[in-house]
Asks: 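This is the structure I want to talk about, given as structure tokens.
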Amino acid sequence: QVQLVEAGGGLVQAGGSLRVSCAASGFTFKLYGMGWFRQAPGKEREFVADVSTSVGATYYGDSVKGRFTISRDNAKSTVYLQMNSLKPEDTAVYYCVGRRSGSRRSEPASYVYWGQGTQVTVSS
């Protein structure tokens, strides 16, 4: 049974930092690209970041480049998203996602596994 369990969301002031994590189980983690999407109320789902399998190449959405960092620990089957210089517009539910190696990153249809999401709220 595949599980992606996010943790670390919460309330933070603008300009602050937060790290969310995602513990994966039920599949061979090291063979999957991992990433994060987010969705704010009334808005479309947005790609945030992706990290590939073995070499750990990273890719970011334009709105978070330079502020967010994605990383993974294959030994712990965990992916992280470090968020710095947070803005009120970063407020959203953040979803951990997984895609098969070689599939197209940032495209929602590429991600076969989705977590339940964790709320991140940035106050002004």
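Reckoned from all heavy atoms, side chains included, excluding hydrogens, waters and symmetry mates. Numbers here simply count residues along the sequence, with the first being 1.
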Asks: If only atom types and distance count, is the side chain of Arg72 paired as donor or acceptor with the main-chain N or O of Ser52 below 3.5 Å?
Replies: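 Yes, Arg72 side chain to Ser52 backbone: donor-acceptor pair under 3.5 Å.
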Asks: Is the backbone of Val5 close enough, under 3.5 Å, to the side chain of Gln116 for a donor and an acceptor to pair up by distance?
Replies: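 Checking the backbone N and O of Val5 against the side chain of Gln116, no donor-acceptor pair under 3.5 Å is found.
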Asks: Look only at the side chain of Ser110 and the backbone of Arg104, and say whether a donor-acceptor pair between them is shorter than 3.5 Å.
Replies: yes
Asks: I'd like to know whether Asp73 forms a side-chain hydrogen bond (donor to acceptor under 3.5 Å, both in side chains) with Thr78, so could you lay out the CA-CA distance, the side-chain angles of the two residues, the decisive distance to 0.1 Å, and finally the verdict.
Replies: CA-CA 5 Å; Asp73 185 336; Thr78 300; over 6 Å; no
Asks: Apply side-chain hydrogen bond (donor to acceptor under 3.5 Å, both in side chains) to Lys43 and list each qualifying residue two or more places apart in sequence or on a separate chain.
Replies: none
Asks: Heavy-atom distance under 4.5 Å between the side chains of Val79 and Ser71, does that happen here?
Replies: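 Result no, sub-4.5 Å side-chain heavy-atom pair not found.
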Asks: Before you tell me yes or no, could you show the steps for Arg67 and Lys87 under side-chain contact (heavy atoms from CB on, under 4.5 Å), namely the whole-Å CA-CA distance, both residues' side-chain angles and the distance that decides it to 0.1 Å?
Replies: CA-CA 10 Å; Arg67 300 188 298 121; Lys87 305 174 182 179; 3.9 Å; yes
Asks: With no hydrogens and no angle check, is any side-chain donor or acceptor of Thr53 less than 3.5 Å from a backbone partner on Leu31?
Replies: no
Asks: Do the side chains of Thr91 and Val120 get nearer than 4.5 Å, heavy atoms only?
Replies: no
Asks: Ring pair (Phe, Tyr, Trp, His ring centres under 6.0 Å): which pairs involve residues 100-124, sequence neighbours left out?
Replies: Phe27-Tyr113, Tyr32-Tyr113, Phe37-Tyr111, Phe37-Trp114
Asks: Identify the two heavy atoms, one from Tyr60 and one from Ala49, that lie closest to each other, and give their separation to 0.1 Å.
Replies: CD2-CB, 3.6 Å
Asks: With distance as the sole test, does Glu6 use its side chain to make a donor-acceptor pair with the main-chain N or O of Gly117 at under 3.5 Å?
Replies: yes
Asks: To the closest 0.5 Å, what do you measure between CE (Met34) and CG (Asn74)?
Replies: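 Result: 10.0 Å between the selected atoms.
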Asks: Is Asp50 close to Arg99 at the side-chain level, that is, under 4.5 Å between some pair of heavy atoms?
Replies: yes
Asks: Specify the closest pair of heavy atoms between Ser17 and Ser85, including all atoms of both residues, with the distance to one decimal.
Replies: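 Nearest pair, atom of Ser17 first, then Ser85: OG-N, 4.4 Å.
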Asks: Any heavy-atom pair between the side chains of Trp36 and Val97 that's under 4.5 Å?
Replies: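 Heavy-atom side-chain distance check fails, nothing below 4.5 Å.
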Asks: Can you tell me how far the CG atom of Asp90 sits from the OG1 atom of Thr121, to the nearest 0.5 Å?
Replies: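 So the gap between those two atoms works out to 11.0 Å.
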Asks: Hydrophobic cluster membership, with links at side-chain heavy-atom distances under 4.5 Å among I/L/V/M/F/W/Y: are Tyr80 and Phe68 in one?
Replies: no
Asks: If I compare all heavy atoms of Val2 with all of Gly26, which pair ends up nearest, and what's the gap?
Replies: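 So the minimum-distance heavy-atom pair works out to CG2-O, 3.7 Å.
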Asks: State whether the side chain of Ser106 and the backbone N or O of Phe47 hold a donor-acceptor pair below 3.5 Å, judged by distance alone.
Replies: no
Asks: Do Tyr59 and Arg105 have a side chain donor and acceptor closer than 3.5 Å?
Replies: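 No donor-acceptor contact under 3.5 Å links the two side chains.
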Asks: How far apart are the closest heavy atoms of Phe29 and Ala24, and which atoms are they?
Replies: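 Looking at all heavy atoms of both residues, the closest pair is CD1-CB, 3.6 Å.
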Asks: Can you check side-chain contact (heavy atoms from CB on, under 4.5 Å) on Tyr94 and Gln119, steps first, answer last?
Replies: CA-CA 6 Å; Tyr94 283 71; Gln119 177 70 47; over 6 Å; no
Asks: Please give me the minimum heavy-atom distance between Glu46 and Ser63, naming the atom from each residue.
Replies: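 That would be OE2-OG, 2.7 Å.
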Asks: Are Val64 and Tyr95 connected in the hydrophobic side-chain network, where two residues link if heavy atoms are under 4.5 Å apart?
Replies: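 Different clusters: Val64 never reaches Tyr95 through Ile, Leu, Val, Met, Phe, Trp or Tyr contacts under 4.5 Å.
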Asks: Salt bridge check: are Asp62 and Lys65 linked by an N-O gap of less than 4.0 Å?
Replies: yes
Asks: Is the shortest heavy-atom distance from the side chain of Arg100 to the side chain of Val112 under 4.5 Å?
Replies: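 Side chain of Arg100 against side chain of Val112, heavy atoms only: contact under 4.5 Å found.
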Asks: With sequence neighbours left out, which residue pairs that include part of residues 93-124 fulfil the disulfide (SG to SG under 2.5 Å) condition?
Replies: Cys22-Cys96
Asks: Any chance you could lay out the side-chain contact (heavy atoms from CB on, under 4.5 Å) test for Leu18 and Leu86, step after step, and finish with the verdict?
Replies: CA-CA 8 Å; Leu18 200 62; Leu86 282 160; 3.9 Å; yes
